[in-house]
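Provided herewith is a single structure, encoded as structure tokens, for subsequent inquiry.
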Amino acid sequence: MSFPLLTATAALPALGAIATAAVPAARRNAAKWLALLVSLATLALAAIVLVRFDPGGDRYQLTESRAWIKDFGVQYELGVDGIAVALIALTALLIPFVILAGWHDADPLETGNTRWRPTQGFFALILAVEAMVIISFEATDVFLFYIFFEAMLIPMYFLIGGFGDRAHEHGEETASTQRSYAAVKFLLYNLVGGLIMLAAVIGLYVVAGSFSLSEIAAARANGSLDMATNTERWLFLGFFFAFAVKAPLWPLHTWLPNAMGEATTPVAVLITAVVDKVGTFAMLRFCLQLFPEASKWATPVILVLALISIIYGALLAVGQRDIKRLVAYASISHFGFIILGIFAMTSQGQSGATLYMVNHGISTAALMLVAGFLISRRGSRLIADYGGVQKVAPVLAGTFLIGGLATLSLPGLAPFVSEFLVLVGTFARYPVVGIIATFGIVLAALYTLVLYQRTMTGPVKAEVAEMPDLRVRELVVVTPLIVLLIFLGVYPKPLTDIVNPAVKQTMSDVQKKDPQPEVEAAK
């Protein structure tokens with residue numbers, strides 16, 4: 001039997017989480033280093049997955065399949081396509097930076113009375129989330145996917161509710177209440193979506209007699225599985241609702257600003273750059289593949305919801321006073337672009353959507369982590385409390401600017417390629433939708449540049465006059481992300497070569513071809 005590489009990639013951070021949690025309370029620094037080493041080892045395994053994956057080979061590669069719950073037809077079945085490989089690499093890449101950025105976020109606190117913050121638990125929970133996200137990208141059994149899709153809510157709940165942002169304007173007691181509210185809201189929204197999906201998963205098994213993607217696809221191909229139209233539509237809605245909550249898509253988005261605002265900055269990055277990608281990934285893997293006709297039927301409504309997300313999220317970002325909530329609403333706008341690209345049903349749109357998932361993860365991580373370093377220095381998330389930072393901390397201001405320019409998809413930085421492909425793919429089939437979506441770009445420029453102007457330029461405020469520039473640990477976190485943004489902005493081919501064959505398979509699932517451009521005959 002060949003080495004179970006996919007299992008190892010998910011199992012390593014899971015075992016690392018257990019080992020980190022078991023480190024004695026007095027050895028919190030050892031727990032930090034252990035978590036970091038485990039995350040780097042996971043990155044090495046993800047790199048091996050990336051190297052061994054053949055873009056021109058079978059749709060699902062490095063497959064593993066074992067009987068699990070025979071009586072219910074549940075299998076432990078793993079496999080990766082190009083989309084999954086790209087997102088596994090993104091997850092494994094970001095987690096070491098999340099750990100480094102949060103190096104002191106769970107250290108002991110003194111708030112009147114000394115209160116021990118369980119440092120080991122903080123880093124163990126981050127590794128647990130990584131393990132569950134990776135196996136969600138690998139699972140090709142619907143029930144297996146569902147288990148980890150829901151299970152990741154538990155560590156995320158404790159990360160949001162138990163390790164909140166220290167920079168809170170209303171004091172620790174109010175902050176604790178707001179953290180609890182944000183954590184419960186996150187959990188309830190996602191649990192409701194998961195319960196609806198569970199009903200759809202059971203319905204799928206009743207109709208198809210299997211949870212395996214490969215078996216269901218084979219049954220469709222040989223004609224032994226023919227879902228009734230109404231059945232397929234109801235099942236699609238059950239799956240899509242859960243993924244739209246996770247994504248998050250308007251109007252199911254309201255948990256995200258609360259969760260990102262109250263969580264520590266690294267956890268906020270974990271939410272929007274890693275966990276939320278499971279929702280958009282699942283739309284491609286499960287909605288379009290399992291329910292192709294229903295996906296086409298629902299497309300007009302989903303495109304409208306995506307457009308609302310793009311414009312609504314950007315407009316609210318413009319009006320934010322809180323830096324972290326601004327980035328949260330910007331992310332809602334960006335996820336609108338991703339979903340728009342998926343349901344434009346063109347190869348350019350879906351390639352752009354997949355690239356957007358990766359590039360948004362890198363750009364949002366860069367911007368949010370630098371913002372976190374800024375907030376930790378001043379002790380405030382309010383934009384109005386800053387001014388003139390670029391004169392006292394030029395490196396911090398410069399990296400903040402690059403992260404912001406990537407967020408508005410400036411040409412030459414990675415998100416530009418993604419957004420361009422999404423808009424081109426949308427224009428090709430839905431020109432009016434594409435035109436409206438471009439207003440999101442204008443608004444992105446507005447909220448990004450206004451944020452930079454108000455925090456970094458102008459007279460130096462007294463509270464930031466002694467602000468130190470980025471330290472070595474912080475530079476180690478930010479520099480690779482900036483380099484990646486520039487590299488993938490100038491040369492996205494390594495990523496597109498991996499993604500495009502998987503996109504073609506998805507287009508084949510929904511039996512869609514790219515619209516041909518209308519060319520006038522030469523006179």
Side-chain angles (χ1 to χ4, degrees), residues 83-84 86-88 90-95 98 126 129-130 132-137 145 148-157 159-160 182-183 185-194 197 239-263 265-287 305-306 309-310 312-313 317 324-325 327-342 353-369 407 415 418:
I83 299 170
L87 292 174
I88 290 169
L90 171 71
T91 302
L93 174 70
L94 291 182
I95 295 301
V98 166
I126 291 174
V129 172
E130 178 181 25
M132 294 174 186
V133 169
I134 287 175
I135 202 166
S136 296
F137 291 141
F145 169 83
F148 290 99
F149 180 81
E150 287 293 276
M152 71 179 70
L153 301 180
I154 299 170
M156 286 306 307
Y157 169 79
L159 283 170
I160 297 168
K185 189 173 184 179
F186 162 82
L187 188 64
L188 288 178
Y189 267 67
N190 284 274
L191 277 179
V192 169
M197 180 183 169
F239 277 76
F240 181 80
F241 182 86
F243 303 151
V245 171
K246 185 85 78 181
L249 178 68
W250 184 92
L252 306 171
H253 67 286
T254 59
W255 63 268
L256 182 66
N258 295 98
M260 287 185 65
E262 300 306 322
T265 301
V267 173
V269 171
L270 193 64
I271 294 169
T272 190
V274 176
V275 172
D276 287 353
K277 298 301 187 300
V278 178
T280 47
F281 164 79
M283 291 179 189
L284 281 165
R285 171 165 284 189
F286 297 103
C287 286
L305 295 178
S309 288
I310 291 169
Y312 172 85
K324 290 171 71 177
R325 289 178 70 90
V327 178
Y329 280 110
S331 290
I332 291 169
S333 182
H334 295 149
F335 275 100
F337 276 109
I338 294 170
I339 295 170
L340 185 70
I342 291 171
T354 305
L355 292 178
Y356 215 132
M357 288 186 240
V358 176
N359 294 332
H360 170 265
I362 299 170
S363 62
T364 299
L367 178 63
M368 195 70 177
L369 291 175
T407 298
S418 323

**Q.** Separation of Leu249 CG from Leu256 CG (nearest 0.5 Å)
**A.** 12.0 Å
**Q.** CA sep, side-chain torsions, deciding dist, call: Met156, Val267, side-chain contact (heavy atoms from CB on, under 4.5 Å)
**A.** CA-CA 8 Å; Met156 286 306 307; Val267 173; 4.1 Å; yes
Q) Looking at CG of Asn359 and OG1 of Thr407, how far apart are the two atoms once the value is rounded to the nearest 0.5 Å? A)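 If we round to the nearest 0.5 Å, Asn359:CG and Thr407:OG1 are 11.5 Å apart.
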Q) Any idea which heavy atoms bring Ala242 and Gly193 closest together, and the distance? A)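 The pair with the smallest heavy-atom distance is CB-O, 3.2 Å.
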Q | Closest contact, heavy atoms only, Ile310 versus Ser333 | A | O-OG, 2.8 Å
Q. Measuring from Met368:CE to Lys324:NZ, what's the distance to the nearest 0.5 Å?
A. 5.0 Å
Q: Output yes when a side-chain donor or acceptor of Trp255 lies under 3.5 Å from a complementary backbone atom of Val245, and no otherwise.
A: yes
(Q) Within this structure, what is the OG1-CG distance for the pair Thr364 and Asp276, rounded to the nearest 0.5 Å? (A) 10.0 Å
Q) Pick from Phe240, Phe149, Phe145: which one makes a ring-ring contact (aromatic ring centres under 6.0 Å, His included) with Phe286? A) Phe145
Q) Heavy-atom distance under 4.5 Å between the side chains of Phe243 and Met197, does that happen here? A)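 In contact.
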Q) Less than 4.5 Å apart, any side-chain heavy atom of Asn258 and any of Arg325? A) yes
Q: Check whether any side-chain heavy atom of Phe148 sits under 4.5 Å from a side-chain heavy atom of Val278, and report yes or no.
A: no
**Q.** Least distance between heavy atoms, Lys246 atom then Gly279 atom
**A.**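 Closest approach of Lys246 to Gly279, heavy atoms only: CG-N, 3.8 Å.
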**Q.** Min side-chain heavy-atom separation Val274-Val98 under 4.5 Å
**A.**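 Val274 does not reach Val98 side chain to side chain.
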Q: Run the ring-centre check on Tyr312 versus His253 and record whether the distance is less than 6.0 Å.
A: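 Yes, the ring of Tyr312 comes within the 6.0 Å limit of the ring of His253, centre to centre.
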Q. What's the shortest heavy-atom distance between Pro248 and Phe335, and which atoms?
A.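 In terms of heavy atoms, the two residues are closest at CD-CD1, 3.9 Å.
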(Q) Using 0.5 Å steps for rounding, measure from the CD1 atom of Ile338 to the CG atom of Leu355. (A)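 Answer for the CD1-CG pair, Ile338 versus Leu355, is 10.5 Å.
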(Q) Can you classify the ring geometry of His360 versus His334 as parallel (below 30°), tilted (30 to 60°) or perpendicular (above 60°)? (A) perpendicular
Q: Return the minimal non-hydrogen interatomic distance between Ala268 and Ala263, and the atom names on each side.
A: N-CB, 4.2 Å
(Q) Working note: Leu284 + Met357, criterion side-chain contact (heavy atoms from CB on, under 4.5 Å); need CA distance, chi angles, decisive distance, verdict. (A) CA-CA 12 Å; Leu284 281 165; Met357 288 186 240; 3.6 Å; yes
Q.
Would you compute the distance between atom CD1 of Ile342 and atom OH of Tyr356 and round it to the nearest 0.5 angstrom?
A. 12.5 Å
Q. Are the side chain of Lys277 and the backbone of Thr272 linked by a donor-acceptor contact shorter than 3.5 Å?
A. yes
Q: Apply the test side-chain contact (heavy atoms from CB on, under 4.5 Å) to residues Ile339 and Met283: give CA-CA distance (whole Å), side-chain angles for both, the deciding distance (0.1 Å), then the verdict.
A: CA-CA 8 Å; Ile339 295 170; Met283 291 179 189; 3.9 Å; yes
(Q) Give me the atom names and distance for the closest heavy-atom approach of Leu191 to Glu150. (A) CD2-OE1, 3.7 Å
Q) Under a 4.5 Å cut-off applied to non-hydrogen side-chain atoms, are Ser309 and Leu340 in contact? A)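 Not in contact.
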